[in-house]
Asks: 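Below is the structure I would like to discuss, written out as structure tokens.
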4 protein chains.
Amino acid sequence: MSKKRGRTEKGEKSRHRLMEAAAEEFARSGYHATKVSDIVKAAGLTQAAFYLYFPSKEAILSELVAEFKQQLRVFGDSGSNVTALAPSDVPAKMRQNIEDVLTFLLKNRELVRVALYESPEATVIHEEITGLIRENARKNWLAGHIREGLALDVVAECIFATIHASAERWLFNGEKSAKQLASEIAEVLQYGMLAHRPKNDLPKA
Amino acid sequence: MSKKRGRTEKGEKSRHRLMEAAAEEFARSGYHATKVSDIVKAAGLTQAAFYLYFPSKEAILSELVAEFKQQLRVFGDSGSNVTALAPSDVPAKMRQNIEDVLTFLLKNRELVRVALYESPEATVIHEEITGLIRENARKNWLAGHIREGLALDVVAECIFATIHASAERWLFNGEKSAKQLASEIAEVLQYGMLAHRPKNDLPKA
Amino acid sequence: MSKKRGRTEKGEKSRHRLMEAAAEEFARSGYHATKVSDIVKAAGLTQAAFYLYFPSKEAILSELVAEFKQQLRVFGDSGSNVTALAPSDVPAKMRQNIEDVLTFLLKNRELVRVALYESPEATVIHEEITGLIRENARKNWLAGHIREGLALDVVAECIFATIHASAERWLFNGEKSAKQLASEIAEVLQYGMLAHRPKNDLPKA
Amino acid sequence: MSKKRGRTEKGEKSRHRLMEAAAEEFARSGYHATKVSDIVKAAGLTQAAFYLYFPSKEAILSELVAEFKQQLRVFGDSGSNVTALAPSDVPAKMRQNIEDVLTFLLKNRELVRVALYESPEATVIHEEITGLIRENARKNWLAGHIREGLALDVVAECIFATIHASAERWLFNGEKSAKQLASEIAEVLQYGMLAHRPKNDLPKA
DNA sequence: GATGAATGAGGATTCATTCAT
DNA sequence: GATGAATGAATCCTCATTCAT
């Protein structure tokens, strides 16, 4: 089942410590600025030991990214089907979704940074995520929960960009809780910024 | 007046070519992955010439960031006063603002990436920008153009994150024009995503 | 106990070889003219190995100087107390002292050159040495073995300068033995050059 | 008459400034540590101008050394013949000689350091100087002014080493005057250090 | 005579990676 | 499984020197 090493208990432990250390260092300083020696220092091992578990520095990056993708898949699969919601439940559901994403990001903050900033696949991953969101949005649109006339790809980008930026700005440093942040974000995304809306902007019958 | 070198026309040219080349390389490959030799190759000079104009690789990064900040300041100073707008003019004005930002980002795309991803000051700069936007939002809010009950800091982050992400996604690669993108973004940000709004969400008298 | 590296026998050996090689090269060609590549070549290692043991080229110089100072301290501590000598024993004792210094210099010839010519501390070290000699001279003076009317600082400088210069000139290249050289130097320093001395220059009663 | 350049007045001036600057820098920091850019900076010229007057950095060193040798020759030629002195005049004469040498060194302090420390010819020059002194000593010996039983080469080394070291130590930094230093040195060199001399050490008849 | 620009050939230092134990 | 020692291939930066004006 296990991919490469980790035959023994102890080896498994070491390998894990290396992954954690690498995630942290990559997140803090970036892939290039992080030296293998930094990683092993943080993991309490020697350089040579690193190569017992990973064939190269790049390899551990890929593994971290792979792990993130795996987490993401798990998270994505827990996604709800949407169609059955009553219109009045949509806002709360959406708010909850945002909170869930925030919680997910918080739990994987190091991996997030690695996957989204340091990985060569960053762009691809970004699009995977916004793709998921877009798909979800499309379902909601089909269900009539989302306004006509919106570009759904932009909507998706807007949702994720806002969540992601807000997480970096207030969530990861503990300045705001996932719950509060989710409310504030939802409030903007759901009803927009403007105080006044044009005359003809009425709810569809 | 002139900072360091470049007393003569030719020197000025060389210095400029180096800045451009560095911006491009940093934007494409990142600061660390970019070698000084890459920069000078792209600029058609030798390594030694680089150090005629910049004391170190880091220095040219700072200069690029400084240049971006300068551009930003120029752009920011051209910002409109907001209060006098009639409510009905607000949406169009806002759409125009977004288009202006997009155009600014497009014109400085390399610098944007350098300043926002590669610079040690990235976070600071990010906050400078969102700070500007937040300030603008606050003025609009005072003028009654923006809904009550929104967290303005989140609004600002939302605006910039969306614009920035969209620029990276569709503007820089030419998939969408600034004008179109601005419309699509404005549409989301102004009125939100939801098709239905709660009963009590009525325009204030 | 051990300073930096060299936990194992082999490492210790390598570190030592580097020190020796550096001493030799610095002594032969001077600090600046000696390349790290010269040192490692002479030590049979690669450039990178050098930095396993020393953080910089300058660092190995300091260590060499430190080693010299250490040797010097050891040598200095073995210095005799002087007061108890009978006047008739003083010349022989002094001659012996000179020979001891010569032998010390010979044994540490590379270090001597490094410490006295190549080190930034050269002046300080020079003064340390002459300081020791001056102190010794002062004791001898208090014991009545040294003439009145001499500037003891000049005496010390004279002694060391002569010994040092003579070592460079005849000892290090094997042209004269320490024993012979000590005799010849002592002969000059003890009784001076002049054949005739003034009438009133009589031994004190 | 002039060697290389210096056709015009201004050129001559520039060339001279470069020599002076080089002497000073070499003396202060050593040949290798001194950059051509240091020299020209101190001389108020550009790097390219340097090569108008000297084919290389090494060349200016040689010229400085040559200049020193020239000065030395001039100084040496003014040396007195010695034989005719009455024994009672010898000490004063010798003291005067020492003072003259000190004065010469002081006047050429930069060149001295360059020639004696930084030049590849340093050893040769050193021997030239001690050779002169030895020759002078031999004359004095022949004239009966110098004791039997001394190794004249050691005597010469002793004289010069003492003078040179003392100059570096007290003369160049102004702590002692040439006159005073000459007295103190002469006192040691002439009669030695010991307070008591053996019974049989009597002036020769 | 003098300059600003430019360069070629290093030189110190770093770092991912391998080897022997 | 783990280590200390060692390495090769860069990479940044320097500096004496040349060129065009």
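Per chain, numbering begins at 1; letters A, B, ... match sequence-line order. Hydrogens, waters and symmetry mates are skipped; everything else that's a heavy atom, side chains included, is used.
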Asks: Given side chains that start at C-beta, do those of A:Leu18 and A:Phe50 come closer than 4.5 Å, heavy atoms only?
Replies: yes
Asks: Is it true that D:Arg113 and D:Glu168 make a salt bridge, defined as a side-chain N closer than 4.0 Å to a carboxylate O?
Replies: yes
Asks: Applying the Watson-Crick and G-U wobble criteria at under 3.5 Å, what pairs with E:dA12? Answer none if nothing qualifies.
Replies: F:dT11
Asks: Please compare C:Gln47 and B:Gly44 by the position of their nearest nucleotide in DNA chain E and report the one closer to 5'.
Replies: B:Gly44
Asks: Would you mind checking if B:Glu12 and B:Arg17 are paired as a salt bridge, meaning a charged N to carboxylate O distance below 4.0 Å?
Replies: no
Asks: Is the backbone N or O of D:Ala59 less than 3.5 Å from a side-chain atom of D:Ser56, with the two atoms forming a donor-acceptor pair by type?
Replies: yes
Asks: Heavy atoms from C-beta onward define the side chain here; which of F:dA5, E:dT7, E:dG11 lies closest to that of C:Leu52?
Replies: F:dA5
Asks: Please report the distance, rounded to the nearest Å, between CD in B:Glu58 and C1' in F:dT11.
Replies: 15 Å
Asks: If you only use heavy atoms from C-beta on, which nucleotide in E:dA5, F:dG4, E:dT14 is closest to the side chain of B:Tyr53?
Replies: E:dA5
Asks: Can you work out whether B:His32 or C:Ala48 has the more 5'-proximal nearest nucleotide on DNA chain F?
Replies: C:Ala48
Asks: Can you check the C:Lys35 NZ to F:dT14 P distance for me, whole Å?
Replies: 19 Å
Asks: For a quick test of reading the model, state the closest non-hydrogen atom pair linking A:Lys57 to A:Phe26 and the distance between them.
Replies: CE-CE2, 4.4 Å
Asks: Between D:Leu18 (CG) and F:dT17 (C1'), how many Å, whole number?
Replies: 15 Å
Asks: So does B:Ser14 get a side-chain nitrogen or oxygen closer than 4.0 Å to the phosphate oxygens (OP1/OP2) of E:dA6?
Replies: yes
Asks: Could you please name the partner base of E:dA20, counting Watson-Crick and G-U wobble pairs only when both distances are under 3.5 Å?
Replies: F:dT3
Asks: Taking the minimum atom-to-atom distance to the side chain of C:Ala49, which one of F:dC12, F:dA16, F:dT7 wins?
Replies: F:dT7
Asks: Can you tell me if B:Lys10 touches the phosphate of F:dT21, counting only side-chain N or O atoms and a distance under 4.0 Å to OP1 or OP2?
Replies: no
Asks: Calculate the interatomic distance between B:Lys41 atom NZ and E:dT7 atom C1'; express it in whole Å.
Replies: 16 Å
Asks: If you pin C:Leu45 and A:Thr46 to their nearest nucleotides in DNA chain F, which one's is more 5'?
Replies: A:Thr46
Asks: Round to a whole Å and report the spacing from CD of C:Glu9 to C1' of E:dT21.
Replies: 15 Å
Asks: Identify, between C:Val36 and B:Phe50, the residue whose nearest nucleotide on DNA chain E lies closer to the 5' end.
Replies: B:Phe50
Asks: Over how many whole Å does the gap from B:Lys57 atom NZ to F:dC12 atom C1' extend?
Replies: 8 Å
Asks: Please give, in whole Å, the distance from F:dG4 C1' to C:Arg15 CZ?
Replies: 15 Å
Asks: Between B:Ser37 and F:dT11, is there a side-chain N or O to OP1/OP2 distance below 4.0 Å?
Replies: no
Asks: When the distance from NZ of B:Lys13 to C1' of F:dA20 is rounded to whole Å, what number comes out?
Replies: 17 Å
Asks: For a quick test of reading the model: is some side-chain N or O of B:Tyr51 closer than 4.0 Å to OP1 or OP2 of F:dT14?
Replies: no
Asks: Is it true that A:Glu25 and A:Arg28 make a salt bridge, defined as a side-chain N closer than 4.0 Å to a carboxylate O?
Replies: yes
